[in-house]
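Letters A, B, ... are given to chains in the order of the sequence lines, protein chains preceding strands, and every chain is numbered from 1.
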Amino acid sequence: MPELPEVEVVRRGLGRFVVHRRVAAVDVRHPRAVRRHAAGPVDFVDRLTGRTVLAARRRGKYLWLPLDDGSALVAHLGMSGQLLVQPSSAGDETHLRVRMTFADGGRELRFVDQRTFGGLHVEATEGTDGIPRSVAHIARDPLDPEFDDEAFVRALRRRNTGVKRALLDQTLLSGVGNIYADEALWRTRLHGERPTRTLRRTDAVALLAAVRDVMTLALAQGGTSFDSLYVNVNGESGYFERSLTAYGRAGEPCARCGTPIRREAFMNRSSYSCPGCQPRPRPRRRS
DNA sequence: CACTCAACCTGCCGGC
DNA sequence: TGCCGGCAGGTTGAGT
């Protein structure tokens, strides 16, 4: 479910409900959920027990909780992961993978993940920026104050691929997934298979602005639905859906020109775009 | 080095 | 009803 805005909503929830608390106990209910913790589930539990959570951080779609011994609990939600803050009296979720209780006896933190593409692990953080090594390859995201717009524009135009593939490459910029890629492309009137080499500078600048705009808008909406409690922070929230202009809207009229939105297969998934506003690029002979 | 794609899972939905 | 194919907001690592 989660792209940057959704993950950021989760991060804020963790910041509010988990930071400054000391871990009392951890129960790994499904080893696959901690498969990226190379030393195994027992070590995972050992490294967390007794630690205090210092903060809740994020880069792109990765989350991590720095701990008081210099390590961090790193989380990726994958396609279906959720981090829920639940009273201990709440019954186990069907896909509950990891449960963490705290010394203050308050609400638990639960990792719930149907498809188990997501997971948790503990690792050291390094350097002054405190980025876990497993996250180091992820580029800054467009909402990061230190994101370098100029460097992105240059790198994008230097790529030799389709613009949507580039947007989804988390080492070029992070946080963009299938939905926001399609939304940003629609806003910029670009077809996802437009070769990055043919983008004008202004196209690249506009595309980045569109990514930022759509993410900021989605985040504002997600933030509103959040304050009740964590349960609302899952893909089920129909909140974002309302403002989507292309993604998932095959057959519906384009909000700009009325042409029915098309759906095309793309990398084992789908792309949605407007045939009127986003014409397929003409195949060019390579030079 | 840059790029592409299958594999990793489970559940749901529509068609037969 | 039940079975089957297709599809789902992501990432990695092997292969070209």
Side-chain angles (χ1 to χ4, degrees), chain A residues 1-10 29-38 58-64 74-83 93-98 111-121 132-139 141 154-186 192-193 195-197 211 214-215 217-219 221-222 225 233-251 263-272 286:
Chain A
M1 77 177 138
E3 300 182 35
L4 185 147
E6 294 74 38
V7 178
E8 174 60 14
V9 168
V10 172
R29 306 284 301 275
H30 194 312
R32 193 173 148 75
V34 297
R35 67 192 178 284
R36 292 187 69 185
H37 191 88
R58 178 188 59 74
R59 174 170 284 189
K61 303 169 194 170
Y62 277 88
L63 286 166
W64 69 96
V74 182
H76 196 289
L77 303 179
M79 291 282 266
S80 55
Q82 297 173 301
L83 283 164
E93 292 78 4
T94 305
H95 301 292
L96 176 63
R97 307 305 188 192
V98 178
F111 180 65
V112 177
D113 190 5
Q114 174 204 120
R115 294 175 71 184
T116 62
F117 285 4
L120 308 177
H121 70 276
R133 178 170 292 184
S134 62
V135 184
H137 66 293
I138 301 294
D141 60 67
R154 265 183 273 116
L156 176 68
R157 298 178 68 215
R158 231 184 282 129
R159 285 291 176 101
N160 191 22
T161 187
V163 64
K164 181 166 175 179
R165 277 191 165 81
L167 281 181
L168 294 176
D169 183 344
Q170 305 296 304
T171 67
L172 183 60
L173 85 170
S174 66
V176 180
N178 207 28
I179 292 179
Y180 296 109
D182 279 1
E183 293 299 305
L185 290 166
W186 181 87
E193 288 182 27
T196 46
R197 294 266 187 201
V211 168
V214 72
M215 281 183 168
L217 187 68
L219 181 54
Q221 291 177 0
S225 72
V233 189
N234 55 40
E236 264 74 303
S237 149
Y239 239 150
F240 307 138
E241 210 179 318
R242 219 170 18 139
S243 48
L244 295 179
T245 50
Y247 186 86
R249 298 212 176 276
R263 174 182 170 281
E264 296 172 290
F266 171 78
M267 288 174 76
N268 282 331
R269 42 221 310 212
S270 299
S271 283
Y272 299 87
R286 78 177 84 198

Rounded to whole Å, please give me the gap between [atom1] in [X] and [atom2] in [N].
| X | N | atom1 | atom2 | value |
| --- | --- | --- | --- | --- |
| A/D113 | B/dT10 | CG | P | 11 Å |
| A/L168 | C/dG10 | CG | P | 7 Å |
| A/L63 | C/dG10 | CG | P | 14 Å |
| A/D182 | C/dA8 | CG | P | 11 Å |
| A/E193 | B/dC3 | CD | P | 15 Å |
| A/F266 | B/dC3 | CZ | P | 13 Å |
| A/L172 | B/dC3 | CG | C1' | 13 Å |
| A/L156 | B/dC3 | CG | P | 11 Å |

Using a cut-off of 4.0 Å between protein heavy atoms and nucleotide atoms, how would you tag nucleotides 4-9 of chain B 5' to 3' with B, S and -? SSB-BB
Does the side chain of [X] reach to within under 4.5 Å of the side chain of [Y], using non-hydrogen atoms?
| X | Y | result |
| --- | --- | --- |
| A/L168 | A/F266 | yes |
| A/N178 | A/K164 | yes |
| A/Y62 | A/P132 | no |

Test of understanding: with side chain to side chain contact (heavy atoms under 4.5 Å, CB included), list the residues that count as partners of A/R29, not counting sequence neighbours. A/D27, A/D92, A/L96, A/R99
The criterion is side chain to side chain contact (heavy atoms under 4.5 Å, CB included); which residues satisfy it with A/R159, sequence neighbours excluded? A/T161, A/D169, A/T171, A/L172, A/T196
Can you give the dot-bracket line for DNA chain B, where a pair is Watson-Crick or G-U wobble with both atom distances under 3.5 Å, crossing pairs use [ ], and | marks a partner on another strand? .|||||||.|||||||
Rounding to 0.5 Å, atoms CZ (A/R269) and CE (A/M267) come to a distance of 6.5 Å
For A/H30, answer base if it contacts any base atom (sugar-phosphate contacts may also be present), sugar-phosphate if it contacts only those atoms, and nothing otherwise; contact means non-hydrogen atoms under 4.0 Å. nothing
Need one value for A/Y62: base, sugar-phosphate or nothing, where a base atom within 4.0 Å counts as base even if backbone is also close, heavy atoms only. sugar-phosphate
Reckon [X] has a side-chain N or O less than 4.0 Å from the OP1 or OP2 of [N]?
| X | N | value |
| --- | --- | --- |
| A/R159 | B/dA2 | no |
| A/Q170 | C/dG10 | no |
| A/H95 | B/dT10 | no |
| A/H137 | C/dT12 | yes |

Salt bridge check: are A/R32 and A/D113 linked by an N-O gap of less than 4.0 Å? no
Only counting residues at least two apart or in another chain, list the ones meeting side chain to side chain donor-acceptor pair (under 3.5 Å) with A/K61. none
Around atom CZ of A/R35, are there more than 12 heavy atoms of other residues, nucleotides or ligands at under 6.0 Å? yes
Ignoring hydrogens and geometry, is there a side-chain-to-backbone donor-acceptor pair from A/E8 to A/G60 under 3.5 Å? no
Taking atom types as modelled, is there a side-chain donor on A/S134 or A/H121 under 3.5 Å from an acceptor on the other? yes
P spacing across the pair C/dA14 / B/dC9, given as an integer number of angstrom: 16 Å
Return the polar atom pairs (N/O with N/O) between nucleotides 5-7 of chain C and the protein under 3.5 Å, or none.
from	atom 1	to	atom 2	distance (Å)
C/dC7	OP1	A/R263	NH2	3.4

Nearest atoms (heavy-atom pairs only) where A/D182 meets A/S270: OD2-O, 4.1 Å
